[in-house]
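Below is one structure; the comments refer to it alone.
Every heavy atom of this structure was used, including side-chain atoms; hydrogens, water molecules and symmetry mates were not. This one's a predicted model, so the numbers in the text were calculated from it and none came from an experiment. Residue numbers begin at 1 in each chain, while the letters A, B, ... track the order of the sequences.
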There are 2 protein chains.
Amino acid sequence: MKRLLEEKDAFHDKCRERGLKLTPQRLAIYEAMRYSKEHPSIDMVYQKIKKKFPRISFDTVYRTLITLCDIGLVKPVEGYGYTRRFDPNTGQHHHFHCVKCQKIVDFYDQTYDRLTAPSKIAPGYKILSKKVVVEGLCPDCS
Amino acid sequence: MKRLLEEKDAFHDKCRERGLKLTPQRLAIYEAMRYSKEHPSIDMVYQKIKKKFPRISFDTVYRTLITLCDIGLVKPVEGYGYTRRFDPNTGQHHHFHCVKCQKIVDFYDQTYDRLTAPSKIAPGYKILSKKVVVEGLCPDCS
DNA sequence: TTACAAATAAGAATTATTACTATATAGTTT
DNA sequence: AAACTATATAGTAATAATTCTTATTTGTAA
Ligand SMILES: [Mn+2]
Ligand SMILES: [Mn+2]
Ligand SMILES: [Zn+2]
Ligand SMILES: [Zn+2]
């Protein structure tokens, strides 16, 4: 109980600090995310919130999740949300992705090639690929 | 000239080997990909091909790119083509992605945390994030 | 309490992906 | 060379994901 109140206050403060209004929708979306372990999509959050706020709009969930990213309370899962791309280079290499112009640039790095399976992945998981995702700005965009 | 002929033959052989017909559309799509460095999306390939084959359908490009992946001549760029997901865990960690049920599982690995910037990325690139994404099958799916 | 900038709901528009089906054709058989 | 047939294609529709528009409501500061 006490924790929930403190948390609400912390969220309140964070919003004030950024000049954002503390709306019931925002609080509900933040709380739906807060202890979530499932890395939900926009629609997953929308479906969940709708149970308590039947009139909430998808767009509000959409905008609010982006707002929460902007203020650093949640993060977009890296490597998701981009359209499918194809590569004729089937050899071992890695990619740099420019988050502004969406350019994908090949690079070669032996350290990355040699990465071993993560030690903390529990048995039972079958690993098919292992990839370093490097995101940032290309020279044209920075 | 000689190279182009050999290449066409190599593609021809690969198709025969897999029982696939060598259609002009397939060849055009393969050739559009072959020396491409831009990691094109389906639509980028479609727009390019349309200049030579004004009547080609988007669906043909779509299916053919998947076919080329199946026979190993191109690869989908890993980590693209999934819907956007969000994460309340803003600390340093990594993700396992189940390619079957789309579950995303956190894991922690100091070796991965310590990865340095790729040495082969030219100066001028501004790196914003660097993260290892492991894909495979979770215990429920394997 | 009032004023007003910011946020919301509702729905439309846009873009991305996948599915369907009648027709055409590559590769084979005659 | 002509006929056959399984596969591939064009054209289009359906579905899913993302982003935008607008009228209305609401949180906050004065
Ligand atoms: Mn590449
Ligand atoms: Mn996570
Ligand atoms: Zn760029
Ligand atoms: Zn799974």
Side-chain angles (χ1 to χ4, degrees), chain A residues 8-9 11-30 32 39-71 73 76-77 79-86 99 102 104, chain B residues 8-9 11-32 39-71 73 76-77 79-86 99 102:
Chain A
K8 186 176 166 173
D9 285 345
F11 184 63
H12 186 273
D13 292 348
K14 189 80 183 182
C15 286
R16 292 307 271 306
E17 180 189 321
R18 300 300 207 99
L20 299 172
K21 293 181 180 175
L22 187 77
T23 64
Q25 292 92 335
R26 262 187 192 150
L27 187 56
I29 293 165
Y30 171 69
H39 306 84
S41 64
I42 301 173
D43 196 59
M44 285 159 83
V45 177
Y46 174 57
Q47 297 304 332
K48 196 172 183 180
I49 301 282
K50 253 205 316 198
K51 289 174 190 158
K52 288 208 169 181
F53 285 78
R55 312 195 56 104
I56 200 166
S57 77
F58 179 86
D59 184 65
T60 295
V61 178
Y62 164 76
R63 278 179 302 94
T64 301
L65 285 171
I66 291 172
T67 301
L68 294 179
C69 288
D70 289 344
I71 65 180
L73 293 178
V77 178
Y80 288 73
Y82 302 110
T83 109
R84 201 191 295 184
R85 309 272 293 259
F86 296 89
V99 296
Q102 311 297 316
I104 295 174
Chain B
K8 185 175 165 175
D9 285 345
F11 184 62
H12 185 275
D13 292 347
K14 190 80 180 181
C15 287
R16 292 305 272 306
E17 182 188 321
R18 299 301 206 98
L20 299 171
K21 292 181 181 175
L22 186 79
T23 65
Q25 292 93 333
R26 262 186 193 151
L27 187 57
I29 293 165
Y30 170 69
E31 286 182 343
H39 306 85
S41 64
I42 300 172
D43 197 57
M44 287 159 82
V45 177
Y46 175 58
Q47 297 304 333
K48 195 171 183 181
I49 300 283
K50 251 204 315 197
K51 290 174 191 160
K52 288 207 169 182
F53 285 78
R55 311 195 58 102
I56 200 166
S57 77
F58 179 86
D59 185 64
T60 295
V61 178
Y62 165 77
R63 277 180 301 94
T64 301
L65 284 172
I66 291 171
T67 301
L68 293 179
C69 288
D70 289 345
I71 66 180
L73 292 179
V77 178
Y80 289 72
Y82 303 111
T83 111
R84 203 188 294 184
R85 309 272 293 258
F86 296 89
V99 295
Q102 311 297 316

Residues from residues 42-61 of chain B lying under 4.0 Å of DNA chain C - heavy atoms: B/Phe58, B/Asp59
Which residue, B/Tyr82 or A/Pro24, contacts DNA chain D at a nucleotide closer to its 5' end, judged by nearest heavy atom? B/Tyr82
Is there a side-chain contact between A/Arg84 and the phosphate of C/dT18, meaning an N or O under 4.0 Å from OP1 or OP2? yes
Sugar-phosphate, base or nothing in reach of A/Arg63, heavy atoms under 4.0 Å: base
With a cut-off of less than 4.0 Å, is there a side-chain N or O of B/Gln25 near OP1 or OP2 of C/dA26? no
Taking N and O atoms by type only, does the side chain of B/Lys21 place a donor or acceptor under 3.5 Å from a partner on the base of D/dA8? no
Any side-chain heavy-atom pair from B/Thr60 and B/Arg63 closer than 4.5 angstrom? yes
Interatomic distance, A/Arg26 CZ vs C/dA9 P [rounded to whole Å]: 11 Å
Tell me: CZ of B/Arg16 to P of C/dA26, nearest whole Å? 13 Å
Return the orientation label for the B/Tyr82 and A/Tyr80 ring planes: parallel under 30°, perpendicular over 60°, tilted otherwise. tilted
Of B/Leu20 and A/Thr23, whose nearest nucleotide on DNA chain C comes first from the 5' end? A/Thr23
Given side chain to side chain contact (heavy atoms under 4.5 Å, CB included), test A/Phe86 with B/Ile42 step by step and report yes or no. CA-CA 8 Å; A/Phe86 296 89; B/Ile42 300 172; 3.5 Å; yes
From CZ of A/Arg18 across to P of D/dG27 the rounded distance in Å is 22 Å
For B/Asp43, which residues count as a salt bridge (charged side-chain N to carboxylate O under 4.0 Å, His left out) partner, sequence neighbours excluded? none
Does the pair A/Thr67 and A/Leu73 meet the rule for a side chain to side chain contact (heavy atoms under 4.5 Å, CB included), with working shown? CA-CA 9 Å; A/Thr67 301; A/Leu73 293 178; over 6 Å; no
Any non-hydrogen side-chain atom of B/Leu27 less than 4.5 Å from a side-chain atom of B/Thr23? no
Tell me: OH of B/Tyr62 to C1' of C/dT15, nearest whole Å? 15 Å
Take the protein atom CG of A/Leu27 and the nucleotide atom P of C/dA7, then report the distance between them rounded to whole Å. 15 Å
